[in-house]
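Comments concern the structure below.
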Amino acid sequence: MNSLVRRTQQLSLWRTYCVKHNAPEAASATRNTGKSNYGEFIGHHQRQARRSIVVQVSSEKSYAELYNYCSRFGSILAAHHYCVRQEEALHYVLLEYATPGEAEAAIGAGVTNGELTGVPVRSPFLWFRAAAAGGGRRSPKLTPSPMPHLVSLDGTRQVEQAHLLELMRSARDIEEQVQLLHEHTRLNELGIRIRFLAALQVQLAIAGMFPAAQAHPFGSSVNGFGRMGCDLDLILRFDNDMGAKSPLEASEPSRLVFHTKENLSNGRSQTQRHMECFGDMLHLFLPGVCHVRRILQARVPIIKYHHEHLDLEVDLSMSNLTGFYMSELLYMFGEMDPRVRPLTFSIRRWAQSCGLTNPSPGRWISNFSLTCLVMFFLQQLRQPILPTIGALAKSAEPGDSRVTEDGISCSFARNVERLGFRSRNQSSMSELLLQFFEFYSQFDFHNRAISLNEGRGLSKPDHSAMYIVNPLEQLLNVSKNVSLEECERLRIEVRNAAWVLESEVENASLPDGEGERRELSWGVLNLFKHPERAVIRPNMFFKPRMVEVSDLFEQKEAGSMSSPNP
Ligand code: GTP
Ligand code: MG
């Protein structure tokens, strides 16, 4: 509760500061403490990225000097320091200006490093060189503003794991453990900021030839289910075709049409060719981009790269619009009820601990499919916590209409408040967690398919071991990759988890010594302890080993495990 009060006070101070410094956009973004709209959330972070730059410094001690220097371009509203650890730590400061023009002025003042031979590229990624002897000419500050406190956050890695373990051990009850796990492992503010800057960098790089191009983050970076260290999924579109059309555009299409190059090949091979070309451009010219890999034969062709200034893995695609809209649906689900995200984080952590999920794709369940299982469970409850996707589609208004270039409808009600869905389910998170494990230990995976569109099981249309109807392309199966063996393992693991959790819930209600508890693993921590069930799979790329609770907290998360291949 104390931390909530502190956070509220911080927010209120921040708003006062922003209003005083004429930055209503930055202030309004924090005003919405209730349910937020996906479009607003994305728009806010895109605008914030346009006001920001990232400057490499020798250490956080350079901040005062950097602040003094960079204030000449405008009012600096916020400053975040982070470190990227290579052989030696590299330090960066992300500065947020009050307006995009001020950030542009700072970028515009950047010069090329005469000692290096790289092609000069303008980007929001800069470094701060030592002052020339004599200190150089001093320019007056344009907008004097008090120096914001430098927030030192790790924007790329998880919180100190021993600390998290200690916090969870000393929680009051399972409810608080689930909350703590969520609070301390989810993507933090800086993690979100750097992901939007990575997207903006790609967009700015091609803006000359493609002024309407947009690079949109999607997946766990923005759907509210992302952990620190998760990868960034990006979709690059050349037309602004992802939002609703303005009434004028819809009623009176322009009579002036751009000449364009004729497409000589089919859509897919053309996309592959374009991606190859963009892969080269990213690799050759974009600062920070390294280890570029082209995976062009996949169902959705992607370019993977590592961003060394952000310590970030990026998957760039051009043709995965349904994935983008799916992220919006997941975001909305997370906003509808405060139990949805903490619950999903605990379930994903449990699945990771017993080796059900794996950083590399394969015959096992993916994080996305597992998240679908959680959403379905919350829909099918006697008192549902989430509405069905069919109900959302039915409530769509004209402004919610979205159709992909392949003619797939992604239209659903986008305003969570207007939807008027209220759950009467009062279950605690520990009860829901237990019900989740019990539900899937009895689910008939053999004969039934899971439909989030209808919120009920359907007869399985084929012999896949696990069938989750793809919510936006209903003829496809999201979990087609899952083998019979892995599906069976899931059933065994959920049964074990139900058994462990049941006794944990019973013990949690017994009065016992607080001191004793702090020493021991208890509650959900015991779900994450599976030394006897560590599984050896033939195709696993890492060496399997016994997993202890403390070990689990040291394992790298999915995004950071897929380290770049040089
Ligand atoms: P992590 O990367 O494991 O943190 O989770 P993620 O949710 O980002 O998963 P992933 O990177 O595999 O996929 C990115 C996004 O693409 C997901 O969040 C979904 O929105 C979408 N997606 C992935 N697989 C499918 C699929 O089979 N169907 C649809 N419609 N969308 C998908
Ligand atoms: Mg992802």
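Whatever order the structure lists them in is the order used to number ligands and atoms, beginning at 1. Worth saying up front: this structure is predicted, and the values here are computed from it rather than measured.
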Does Arg495 qualify as a cation-pi partner of Phe439, given the criterion of NZ or CZ under 6.0 Å from the six-membered ring centre and within 45 degrees of its axis?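 Negative - Arg495 is either too far from the ring of Phe439 or too far off its axis.
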Numbering as shown, the atoms of ligand 1 that approach [X] to under 4.0 Å (heavy-atom distance):
{"X": "Ser327", "value": "20 (O)"}
{"X": "Asp231", "value": "2 (O), 11 (O)"}
{"X": "Arg348", "value": "4 (O), 5 (O)"}
{"X": "Asn367", "value": "3 (O)"}
{"X": "Asn470", "value": "26 (C), 27 (O), 28 (N), 29 (C), 30 (N)"}
{"X": "Asn223", "value": "7 (O), 18 (O)"}
{"X": "Asp233", "value": "8 (O), 11 (O), 14 (C)"}

Can you find an N or O of Ser220 that's nearer than 3.5 Å to an N or O of ligand 1?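 Among all N and O atoms of Ser220, at least one is under 3.5 Å from an N or O of ligand 1.
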Could an N or O of ligand 1 be found under 3.5 Å from any N or O of Gly323, whether backbone or side chain?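 Between Gly323 and ligand 1, an N or O pair is found under 3.5 Å apart.
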Taking a cutoff of less than 4.0 Å between a non-hydrogen atom of the residue and any ligand atom, is [X] in contact with ligand 1?
{"X": "Leu472", "answer": "no"}
{"X": "Arg227", "answer": "yes"}
{"X": "Gly226", "answer": "no"}

Shortest-distance N, O or S atom of Asp233 relative to the Mg ion (ligand 2):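 The closest N, O or S atom of Asp233 to the Mg ion (ligand 2) is OD2.
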Heteroatom of Asp231 nearest to the Mg ion (ligand 2) (N, O or S, atom name):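 Asp231's closest N, O or S atom to the Mg ion (ligand 2) is named OD1.
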Looking at Phe333 versus Tyr38, is the centre-to-centre ring distance below 6.0 Å?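 No; Tyr38 has its ring centre 6.0 Å or more from that of Phe333.
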Would the His45 and Phe41 ring centres measure less than 6.0 Å apart?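 Yes: the rings meet the under 6.0 Å criterion.
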Tell me yes or no: between the side chains of [X] and [Y], is some donor less than 3.5 Å from an acceptor?
{"X": "Arg348", "Y": "Thr371", "result": "yes"}
{"X": "Thr357", "Y": "Gln352", "result": "no"}
{"X": "Tyr92", "Y": "His309", "result": "yes"}

When the ring planes of [X] and [Y] are compared, do they come out parallel, tilted or perpendicular, using 30° and 60° as the limits?
{"X": "Phe376", "Y": "Tyr440", "result": "tilted"}
{"X": "Phe125", "Y": "His307", "result": "tilted"}
{"X": "His182", "Y": "Phe345", "result": "perpendicular"}

Using a 4.0 Å heavy-atom cut-off, which part of Phe218 comes near ligand 1: side chain, backbone, both, or neither?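 Contact part for Phe218 vs ligand 1: side chain (C-beta onward).
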Flag the pair Glu175 and Arg339 as a salt bridge only when some basic side-chain nitrogen lies within less than 4.0 angstrom of an acidic carboxylate oxygen.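 So Glu175 does not pair with Arg339 through a salt bridge.
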Option nearest atom 15 (C) of ligand 1 (shortest heavy-atom distance, choices Cys230, Pro359, Gly219):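 Nearest option to atom 15 (C) of ligand 1, by heavy atoms: Gly219.
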